[in-house]
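A short write-up of the structure that comes next.
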There are 2 protein chains.
Amino acid sequence: MERNSAAPAERKCPIETVIHILGGKWKPLILWHLLDSAKRFSELEKLIPEVTQKMLAQHLRELENDRLVDRTVHPTVPPKVEYALSEYGQTMVPVLQTMCDWGEAHNRSLAEEAESAQAIS
Amino acid sequence: MERNSAAPAERKCPIETVIHILGGKWKPLILWHLLDSAKRFSELEKLIPEVTQKMLAQHLRELENDRLVDRTVHPTVPPKVEYALSEYGQTMVPVLQTMCDWGEAHNRSLAEEAESAQAIS
DNA sequence: CCGTATCCGTGGCGATACTG
DNA sequence: CAGTATCGCCACGGATACGG
């Protein structure tokens, strides 16, 4: 591991920090799904069908280490574990939102481009 | 290549799009340095000493393909090439800014944490 | 000065099987 | 249900050398 949490490197631009923290393939998706409410492990698996158990577990660990999500274990049988955006994780919401807005606009402009290209042919 | 530009995958969350576009190791840094003014290839090399020519060239090409930067060739001897944030690239500024702000705040809270840990010992 | 070409190592990620 | 363990691919990225 060692790619997350307390990287000793000096970062000229703080953007690097963000990239580093949600640099996993599924990190943003996971956070996105946790935005509205806490989710169980199996729920996240269903919400993101393409992700493997390994990566889901690994990314959740890293997000937990970075204090962005809280992991709550209910001592029941069968075991029940819930993941929620931590108070600190809430501070990431504007970042997620801004990125999401831009992504939407970008996708729309791509769609328009494809449309006008089709109009030519 | 093939990792950038016109990915056919359906993206549930537009955040994926952003991640995809500035998913390179040096992309955010490059854009960051282009924020205030256009830069030459060699200037960017000096501003980001750790980056290799290969990666700098590769990332600049991808950013150009994604319409985020404009590449201007001055037909002089010796050749002079300038890279600038395109008009479309300007729309990315708020994203960069938000991420940067969060990164700063995060680094600060990490520093405080280290400080209080030191106070104990 | 501004790149491209080639070789190669690292690690992110997937697939599968196993455990408390 | 909620994970861990192990194996292996391959794309990302670094180093070096070469071309316009």
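Naming convention: chains lettered A, B, ... in sequence-line order (proteins, then strands); numbering from 1 in each chain.
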What pairs with [X] under side-chain contact (heavy atoms from CB on, under 4.5 Å), at least two apart in sequence or on another chain?
{"X": "Ser37(B)", "answer": "Lys39(B)"}
{"X": "Val77(A)", "answer": "none"}
{"X": "Lys54(A)", "answer": "Thr52(A), Gln58(A)"}
{"X": "Ala38(A)", "answer": "Glu82(A), Ala84(A)"}

Between [X] ([atom1]) and [N] ([atom2]), how many Å, whole number?
{"X": "Glu82(B)", "N": "dC2(C)", "atom1": "CD", "atom2": "C1'", "value": "14 Å"}
{"X": "Leu56(B)", "N": "dA15(D)", "atom1": "CG", "atom2": "C1'", "value": "16 Å"}
{"X": "Lys25(B)", "N": "dC12(D)", "atom1": "NZ", "atom2": "P", "value": "14 Å"}
{"X": "His59(B)", "N": "dA11(D)", "atom1": "NE2", "atom2": "C1'", "value": "12 Å"}
{"X": "Glu64(A)", "N": "dA2(D)", "atom1": "CD", "atom2": "P", "value": "15 Å"}
{"X": "Met55(A)", "N": "dA15(C)", "atom1": "CE", "atom2": "P", "value": "12 Å"}
{"X": "Ile19(B)", "N": "dC12(D)", "atom1": "CD1", "atom2": "P", "value": "15 Å"}

- request: Examine distances only and state if a side-chain atom of Lys27(A) and a backbone atom of His59(A) form a donor-acceptor pair shorter than 3.5 Å.
  value: no
task: If the plane angle is over 60° it's perpendicular, under 30° parallel, otherwise tilted; pick one for Tyr83(B) and Phe41(B).
output: tilted
message: Going by salt bridge (charged side-chain N to carboxylate O under 4.0 Å, His left out), name the residues that satisfy it together with Arg61(B), two or more places apart in sequence or in a different chain.
response: Glu64(B)
message: Suppose we screen for side chain to side chain donor-acceptor pair (under 3.5 Å). Which residues come up paired with His33(A), at least two apart in sequence or across chains?
response: none
- line: Thr91(A) meets the side chain to side chain donor-acceptor pair (under 3.5 Å) criterion, sequence neighbours left out, with Trp102(B)
query: Using the C1' atoms of five pairs at each end, what's the angle between the two axes of the helix from dC1(C)-dG20(D) to dG20(C)-dC1(D), to 10 degrees?
result: 40°
message: If you assign each of Lys80(A) and Val51(B) to its closest nucleotide in DNA chain D, which residue comes earlier from the 5' end?
response: Lys80(A)
- prompt: OP1 or OP2 of dC13(C) less than 4.0 angstrom from a side-chain nitrogen or oxygen of Thr52(A), does that happen here?
  reply: no
message: Of the listed nucleotides (dC1(C), dG13(D), dG14(C)), which one gets closest to any side-chain atom of Arg40(B)?
response: dC1(C)
Atom pairs under 3.5 Å, N or O on each side, protein against nucleotides 3-7 of chain D: can you list them with distances?
{"unit_1": "dG3(D)", "atom_1": "OP1", "unit_2": "Arg71(A)", "atom_2": "NE", "d": "3.4"}
{"unit_1": "dG3(D)", "atom_1": "OP1", "unit_2": "Arg71(A)", "atom_2": "NH2", "d": "2.5"}
{"unit_1": "dG3(D)", "atom_1": "OP1", "unit_2": "Tyr83(A)", "atom_2": "OH", "d": "3.4"}
{"unit_1": "dG3(D)", "atom_1": "OP2", "unit_2": "Tyr83(A)", "atom_2": "OH", "d": "2.4"}
{"unit_1": "dG3(D)", "atom_1": "N7", "unit_2": "Gln53(A)", "atom_2": "OE1", "d": "3.1"}
{"unit_1": "dG3(D)", "atom_1": "N7", "unit_2": "Gln53(A)", "atom_2": "NE2", "d": "3.4"}
{"unit_1": "dG3(D)", "atom_1": "O6", "unit_2": "Gln53(A)", "atom_2": "OE1", "d": "3.1"}
{"unit_1": "dT4(D)", "atom_1": "OP1", "unit_2": "Arg61(A)", "atom_2": "NH2", "d": "2.9"}

